[in-house]
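Right, one structure below, let's go through it.
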Amino acid sequence: MEAEKESLNFIEQIIESDLVTNPTKKVHTRFPPEPNGYLHIGHAKSICLNFGVGAKYNGQTNLRFDDTNPVTEETEYVDSIKEDIRWLGFDWEDREYYASDYFQQLYDMAEKLIQKGKAYVDDSDAETMATQKGTPTEPGVHSQFRNRTVEENLDLFRKMKAGAFEEGTRVLRAKIDMASTNMLMRDPVIYRIKYATHHRTGDEWCIYPMYDFAHGQSDAVEEITYSLCTLEFENHRPLYDWFIQELEIFPSRQIEFARLNVDYMITSKRKLKQLVDEGIVSGWDDPRMPTISGMRRRGYTPASLRTFCDKVGIAKRENTIEMSLLEYCVREDLNKIAPRIMAVLDPVKLVITNLAADYQETMLVENNPEQPDEGSREVFFSRTIYIERSDFMEDPPKKYFRLGPDRKVRLKGAYIIHCTHFEKGADGKVDSIYAEFVPNSKSGEDTSGVKVKGTIHWVDAQTALDAEVRLYDRLFLDPTPDNHPDKSFLDFINPDSMDILQRVKLEANYKKAGTSRHFQFLRKGYFFEDYNSSTKAIVFNRTVTLRDSWAKLQQKI
RNA sequence: UGUCGGGUCGUCUAAUAGGCAGGACGCCAGAAUUUGGAUCUGGAAAUAGAGGUUCGAAUCCUCUCCUGACAACCA
């Protein structure tokens, strides 16, 4: 426990070591999403890291939209990203920036590079440039336009900006080294012509900087001291540093860490968009999506996601986290805060034959045993109740602690009942169960001396509310659905990822259990009331089941 | 065949100047229990391999093996 608290991840170690050398160094980070999709669990890790490190070392964290590609970026995404970060519990205060805010500065930097003879306009088409680039094992060759004069380059670049050329006919390239072993240093393209309307700058620009000429430069403008990104940018670091040196700008330091992977989930924005566009899920916030908005709708809490991001750690090795860790984190949080109510997902009628037909009683049931201060609520009880179909077996095995013919069980918060007989319907399924309550066995005042091993939940039939409950399971059947070279991730879609239950029986007073929209349905799991739920049509989403040691035992028998 | 990364329990992750390989999830067993939940106790479980340096190596050196990224006018 203590060791866990004290150990620093490698980024914190770098920072603390810098702070020893330079105690006044500011820790300034940024979270730099591209607004071309919704944020997902992987972004949550980056958000927690960047904002977490900023806060830990009394620094600041900027939100910066990396919006340099007008073709894919939209305001809808900007809005959802901001909502998701706030919901996760982080605050960028007034530091909401856009790379597009820096277009003029970026342009000026490009001219500076041209002036220094370190950039040139290339008229080659994309195919020629690709060919000339060489391969990882063979050096590239120089473009015929590489030795244009500064004046010619400046003139052409200004014309590019002025809209004198067709899209795709010219680019600006950094002049570095076509023989570098790092492909990114082989005269990378830094500006391209695009006649597209930008979500913020409109048609003001027809040339746009590439990632490598926008990200690091934006870091410099904002004086970001630690630019934390994922491993795939490792090869970009020499280029990042080259621009700092040639442009003589603020020396931000790029540090790469391994992205988060969770088994049975995908985090490719392109593929998530495909799930949405093809209608495989209901939208970006479908509760089966690994998006922050999807998990929010599913019933995950900000705290549980933050705990998860903390527990997965920060390192450089590739990793795949088991989903059980995520589930552990959400159960741990919900166990503390979710009021308990009783809901019967798959109801079967049970008649207590030694009660009068008009018998009525209210039982006091605790709202949350983990929070005694939250008190109890009244739950209606009468002669006819619903119990879970799976809580009765015609011919139960010895280790089954629930109901069966001539077996006894405790009704949570009420009496012990003794099953006398049951009836089947025409379909062969159990239709009605009959039982007698044991006198003097009422919960809390039991003097009957009868001991039972099982306790089941129930809902009074007369007063029960009907609800729709959506049971969600993993969206994919394979732990790494997008890791099969010969198959599409769509081949692994779980056909049973959603099960909609229409006639769930809910206790009438469930709202009195607490103000939370998160509930624990006793013995069944944690459920979250959907934003489409209303008093006329109650809808719940299952966040996660409870751990189920009976299911495990059952598999072994 | 190149360059740059990375290999510690099943999965993540520690071991901060070379000094008892620790924690978490999961798993197994038990206790307790009016949720087969939560809780509590205990357990099994790892340094990719081979050499070398050293009193002592996950850590330093050499070789081997495995693995990821890189040849978009995407980010």
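Order of the sequence lines fixes the chain letters, A, B, ..., with proteins taken first and strands second; residue numbering starts at 1 for each chain.
Using the Watson-Crick or G-U wobble rule with both distances under 3.5 Å, B:U8 pairs with nothing in any strand shown. Base pairing of B:U3 is made with B:A69, judged by Watson-Crick or G-U wobble geometry with both donor-acceptor distances under 3.5 Å. Under the Watson-Crick or G-U wobble criterion, with both distances below 3.5 Å, B:A45 has no partner in any strand shown. In this structure B:U62 sits in a base pair with B:A50, meeting the Watson-Crick or G-U test at under 3.5 Å. Applying the Watson-Crick and G-U wobble criteria (two distances, each under 3.5 Å), B:G22 pairs with B:U13.
Residue A:Lys552 is classed as a sugar-phosphate contact, given heavy-atom separations below 4.0 Å to backbone atoms only. A:Gly454 comes within contact range of no nucleotide atom at all, as no heavy-atom separation falls under 4.0 Å. Base engagement by A:Ser124 is indicated by at least one non-hydrogen atom pair under 4.0 Å involving a base atom. Within the 4.0 angstrom heavy-atom criterion, base atoms lie near A:Leu553. Among the protein residues, A:Asn235 comes within range of the nucleic acid bases, having at least one heavy atom under 4.0 Å from a base atom. Residue A:Thr320 is in sugar-phosphate contact alone, with no base atom involved, counting any heavy-atom pair closer than 4.0 Å across all strands shown. No contact: A:Pro33 has no heavy atom under 4.0 Å from any strand. Across all strands, A:Leu522 comes closer than 4.0 Å to base atoms (heavy-atom distances). Note on A:Arg340: a base of the nucleic acid sits closer than 4.0 angstrom, heavy atoms only. The residue A:Glu370 sits close to a base: some heavy atom pair falls under 4.0 Å. At a threshold of 4.0 angstrom between heavy atoms, the contacts of A:Glu256 with the nucleic acid are absent. Residue contacts shown for A:Asp548 are limited to sugar-phosphate atoms, with no base heavy atom under 4.0 Å away.
The shortest side-chain heavy-atom distance between A:Gln254 and A:Asp219 does not fall under the 4.5 Å cut-off.
Side-chain atoms of A:Thr137 lie closest to B:G2 of the nucleotides B:G2, B:U34, B:A75. Of the candidate nucleotides B:A75, B:G10, B:U35, B:A75 has the atom lying nearest to any side-chain atom of A:Met210. Distance from the side chain of A:Leu546 is smallest to B:U35 among B:U35, B:C74, B:A14. Considering only the side chain of A:Glu322, B:U11 comes nearest among B:U11, B:A71, B:A75. In the set B:A14, B:G37, B:G36, the nucleotide with an atom closest to the side chain of A:Asn335 is B:G37. The nucleotide whose nearest atom lies closest to any side-chain atom of A:Arg523 is, among B:A75, B:G2, B:G36, B:G36. In this structure, of B:A24, B:A75, B:U16, it is B:A75 that holds the atom nearest to the side chain of A:His236. Comparing B:A71, B:C12, B:G26 by their nearest atom to the side chain of A:Ser324 picks out B:G26. When distances are taken from the side chain of A:Tyr328 to each of B:A15, B:C25, B:A75, the shortest belongs to B:C25. Picking from B:G37, B:G36, B:A71 the nucleotide with the shortest atom distance to the side chain of A:Met183 gives B:A71.
Taking atom P on both B:A21 and B:A45, the two are 14 Å apart, rounded to the nearest angstrom. Taking atom P in both B:C9 and B:G23, one finds a spacing of 16 Å when rounded to whole Å. Only the C1' atoms considered, B:G10 is 26 Å distant from B:A69, to the nearest whole Å. Look at the P atom in both B:A71 and B:C66: the space between them is 23 Å, to the nearest Å. Taking atom C1' on both nucleotides, B:G56 is separated from B:G18 by 8 Å, rounded to a whole Å. Rounded to whole Å, the separation between the P atoms of B:G22 and B:G30 comes to 26 Å. Remark: the separation of the C1' atoms in B:U8 and B:U59 is 11 Å, to the nearest Å. With P as the reference atom, B:C40 and B:G26 are 13 Å apart, rounded to whole Å.
The aromatic ring of A:Phe401 is stacked on the base of B:G36, with the two ring centres less than 5.5 Å apart and the planes inclined by under 30°.
None of A:Phe528, A:Phe519, A:Phe527 except one satisfies the ring pair (Phe, Tyr, Trp, His ring centres under 6.0 Å) rule with A:Phe540; the exception is A:Phe519. Just one residue in the list A:Phe157, A:Tyr208, A:Tyr102 forms a ring pair (Phe, Tyr, Trp, His ring centres under 6.0 Å) with A:Tyr107, and that residue is A:Phe157.
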(request) Mind running salt bridge (Lys or Arg N to Asp or Glu O under 4.0 Å) on A:Lys316 and A:Glu256 for me, showing each step along the way? (result) CA-CA 7 Å; A:Lys316 293 195 77 157; A:Glu256 312 85 14; 3.6 Å; yes
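Rounded to whole Å, atom P of B:C70 lies 13 Å from atom CG of A:Asp212. A:Tyr526 places its OH atom 13 Å from the P atom of B:U35, with the value rounded to the nearest Å. Computed from coordinates, the A:Gln254 CD to B:G5 P distance equals 13 Å when rounded to whole Å. What separates NZ of A:Lys451 from C1' of B:U33 is a distance of 12 Å, to the nearest Å. Taking atom OH of residue A:Tyr415 and atom C1' of nucleotide B:U34, one finds them 15 Å apart after rounding to whole Å. Distance A:Arg547 CZ to B:U33 P: 19 Å, rounded to the nearest Å. In this entry the distance linking CZ of A:Phe519 with P of B:G37 reads 23 Å, nearest Å. Counting to the nearest Å, the P atom of B:U16 and the CD1 atom of A:Ile14 are 16 Å from each other.
Across A:Tyr300 and A:Leu305, no two heavy atoms sit closer than the pair CD2-CD1, 3.8 Å.
Contact annotation: A:Arg192 side-chain N/O to B:A75 OP1/OP2 distance is under 4.0 Å. Here A:Gln13 reaches the OP1 or OP2 of B:A15: one of its side-chain N or O atoms lies under 4.0 Å away. One finds a side-chain N or O of A:Arg317 lying less than 4.0 angstrom from the OP1 or OP2 phosphate oxygen of B:A14. Remark: A:Lys194 is in phosphate contact with B:C74, judged by side-chain N or O atoms under 4.0 Å from OP1 or OP2.
Counting atom types as modelled, A:Arg402 pairs a side-chain N or O with a base atom of B:G36 as donor and acceptor under 3.5 Å.
No side-chain N or O of A:Asp446 forms a donor-acceptor pair with one of A:Ser441 less than 3.5 Å apart.
For the pair A:Lys412 and A:Trp458, the NZ or CZ position fails the cation-pi test of under 6.0 Å to the six-membered ring centre and within 45 degrees of the ring normal.
In summary, the aromatic rings of A:Phe103 and A:His198 are positioned with their centroids under 6.0 Å apart. In summary, the aromatic rings of A:Tyr211 and A:His215 are positioned with their centroids under 6.0 Å apart.
Both A:Gly168 and A:Lys412 sit near RNA chain B, but only A:Lys412 has its closest nucleotide nearer the 5' end. Nearest-nucleotide positions on RNA chain B place A:Ala315 closer to the 5' end than the other of A:Ala315 and A:Pro32.
Not a single donor-acceptor pair under 3.5 Å links the side chain of A:His457 to the backbone N or O of A:Met342.
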